[in-house]
Amino acid sequence: MDPVPHILVADDQPDVLEACRLLLKPEGFRIEGTTSPAGILAALERREFDLALIDLNYTRDTTSGTEGLDLLT
């Protein structure tokens, strides 16, 4: 098992991904970023993560959170 926690960060806004990297990497976390629900699923097929921070909305003008909540199943 890898002693360094690995975090998946998913958001369709590149600035949010970069902000998470800037905050978490200096604390010793390994960060993998993705910008879509398909990217989240692909990342989960490649490896296990200790934590996932995921955006709930990926379609413009959508605020229901359904896209992100559907990924939890």
Side-chain angles (χ1 to χ4, degrees):
M1 179 182 246
D2 191 347
V4 177
H6 202 105
I7 300 175
L8 175 62
V9 179
D11 197 292
D12 57 328
Q13 297 180 24
D15 291 341
V16 172
L17 293 177
E18 184 61 20
C20 287
R21 258 191 212 98
L22 290 171
L23 290 169
L24 297 169
K25 192 172 181 181
E27 298 300 322
F29 298 105
R30 287 190 185 169
I31 310 301
E32 183 170 336
T34 187
T35 59
S36 69
I40 295 168
L41 296 175
L44 291 171
E45 287 180 8
R46 287 192 301 273
R47 68 162 295 131
E48 289 187 15
F49 293 87
D50 298 295
L51 176 71
L53 300 174
I54 63 169
D55 186 10
L56 295 180
N57 300 302
Y58 293 88
T59 304
R60 184 181 282 285
D61 296 328
T62 300
T63 58
S64 68
T66 302
E67 293 167 305
L69 293 172
D70 287 345
L71 289 168
L72 297 177
T73 58

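In this chain, numbering begins with 1 at the start of the sequence shown. The structure presented is a predicted model; accordingly, all values stated were derived computationally and were not measured.
- Hydrophobic clustering (ILVMFWY, side-chain heavy atoms < 4.5 Å, transitive): L51 and I31 are in one cluster.
- A pairwise comparison of heavy atoms in A43 and F49 identifies O-CE1, 3.5 Å as the closest pair.
- The minimum heavy-atom distance linking I7 with L24 is given by the pair CD1-CD1, 4.1 Å.
- Atom CD of E18 is separated from atom NZ of K25 by 9.5 Å, given to the nearest 0.5 angstrom.
- Here R47 does not pair with E32 in a salt bridge; the nearest charged N to carboxylate O distance is not below 4.0 Å.
- Taking all atoms of both residues into account, the shortest heavy-atom contact from V4 to G28 is CG1-O, 3.0 Å.
- In this structure, CG in L41 is found 10.5 Å from CZ in R46, a value given to the nearest 0.5 Å.
- The main-chain N or O of H6 is found under 3.5 Å from a side-chain atom of D50 such that the two form a donor-acceptor pair.
- Closest non-hydrogen pair, T34 versus L8, comes out as CG2-CD1, 4.0 Å.
- In this structure the side chain of V16 never reaches within 4.5 angstrom of the side chain of D55, judged on heavy atoms.
- Cluster membership check: I54 shares its hydrophobic cluster with L44, using side-chain heavy-atom separations under 4.5 Å among Ile, Leu, Val, Met, Phe, Trp and Tyr.
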